[in-house]
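Accompanying notes for the structure given below.
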Amino acid sequence: MQTEKEDEDEASCEEYVARSDFTGSSTDQLSFSRGDRLLVHAKPSSEWWWAELQGVIGYVPASYMSQDAAGEEEEDPSIEDPWQDEEYFGNYGTLRLHLEMLSDKSRTEAYRQVILSNSASLSSKRVMDLGCGTGIISLFCAQLARPSMVYAVEASSMAEYTRQLVKQNGYDEVVTVLQGRAEEIELPEQVDVLVSEWMGNCLLFEFMVESVLLARDRWLRDGGTMWPSSAALTFVPCQADSYYAEKMAFWERPYGLDFTPLQPLAQQEFFTKPKFSHIIEPCDCLAAPCDVISLDMYTLQVGDLEEMKGQFHFCVEKSAVFHGFTAWFTVCFESLEAGGATVELNTGPNSGPTHWKQTLFMLDRPVSVCAEDSISGTIVLQRNPVWRRHMTVTLHWTIKGSTDNPDNSQAGTKSFPMWR
Ligand code: GJV
């Protein structure tokens, strides 16, 4: 295969310019600097290309490559907005996503509960609701408490309707809708409480949390309250029999024919990226879940988001086929009163369903594990340096057979782009 490629006409290579620095994490990946010109020989997947730099060949992440006209990379109009705001806020300007979020009872009731259980303390407080959407949290504040002012900030065109909803419900004295990016709007004063529903799939995807941190540093008074106050990403090794059967085992003998040559393609197509919208049953968990990343919303810094690392150690509880890992998140809302009850929104399999569901990371090959085996390793969430709402989740794991099962030891590693 390799030699055939080399025989190919030089003209089949394309020149690309690196958009930013990259350090390869294995021997078959190239390292390069922003502005380097690379010759791309092949594009075996949409994420990883086979490229050449100064005579050295290796894999490069496709998202770092830009096909600029020579020398124009500094101000190339083809470099899209790395936040993809037009598309992002365009989507939030329609009802589809708001309907999904408002129909999510666990989510919406959790925020309602936070307001309700703090209603006395919210009296005369100034609140900012960042990314208010249709304004539901701001409306709960006005309906259930007596804040002095709620600033409802929304960048999408939904803000125009939110203003109408506020008026229609008679709360326009309390709720002020500000249309614009939270990073750009001006408030007349700082606030006592910054509330936002910013969590994405696998907690961080979309990176709306960055907007929340920037608003915190600018608009939250010293000693003010963040809602949520903390967040955690939880991981568990799991079986995923039906998903595996549907996408991979299917090719073994459909209609009495051997379709297994398609399995590598199936792996590439279905298991390269995580599966959003997975629903894991508690019985699919092979061990007790473990928090791999914890965020303190008071101390977290924007720079911390570039790379977040965590560790896990699981003790397998039953013999099963280990297909992958499932992730979900929990956020906590501390009380405004010392000693007051904390409200929690848990999106895991032992809590009520939410529109986030769970996120499944499939291994390339399932592994049979037994009770008492251990699965330990690390997780790294690497924010995409170009596409700021995206990230790559890299997992390293080691399975150690128990003393009864010492042969069952192996290690693996896999990187999952979400999505770029
Ligand atoms: N400024 C203003 N509104 C925003 C911003 C921002 N920086 N970022 C997102 N929104 N939990 N993953 C708005 C967005 O338009 C949408 O209405 C809402 O916040 C997203 C909330 C749910 N998304 C999420």
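Just so you know, ligand 1 is whichever comes first in the structure, and atom 1 is the first atom listed for that ligand. Treat the numbers as computed from the prediction; the structure is a model and nothing was measured. Computed from heavy atoms alone, side chains included, the values below leave out hydrogens, waters and symmetry copies.
Atoms of ligand 1 found under 4.0 Å from any heavy atom of Met199 (numbered from 1 in listed order, with element): 11 (N), 12 (N), 24 (C). Atom numbering of ligand 1 starts at 1 in the shown order; those under 4.0 Å from a heavy atom of Tyr88 are 9 (C). Heavy-atom contacts of Glu183 reach the following atoms of ligand 1: 7 (N) (cutoff under 4.0 Å). The Ala182 neighbourhood of ligand 1 comprises atoms 1 (N), 2 (C), 6 (C), 7 (N), with distances under 4.0 Å to a heavy atom of that residue. Applying the 4.0 Å criterion to heavy atoms of Gly180 picks out, from ligand 1, the atoms 1 (N), 2 (C). Here is the list of ligand 1 atoms found below 4.0 Å of a heavy atom in Ser211: 7 (N). Shown in contact with Glu206 at under 4.0 Å from a heavy atom are these atoms of ligand 1, numbered in order with element: 12 (N), 23 (N), 24 (C).
At a cut-off of 3.5 Å, with distance as the only test, no side-chain donor of Gln29 or Thr27 sits close to an acceptor on the other residue. Judged by distance alone, the side chains of Thr225 and Glu334 never bring a donor and an acceptor atom under 3.5 Å apart.
No more than 12 heavy-atom neighbours from other residues, nucleotides or ligands sit within 6.0 angstrom of NZ on Lys400.
Considering backbone and side-chain N/O of Glu197, one or more are found under 3.5 Å from N/O of ligand 1.
Under the 4.5 Å side-chain criterion, counting only non-hydrogen atoms from C-beta, His313 is in contact with Ser374.
Ligand 1 lies out of reach of Met158, whose nearest heavy atom is not under 4.0 Å from it.
The distance between the ring centers of Phe314 and Phe235 does not fall below 6.0 angstrom.
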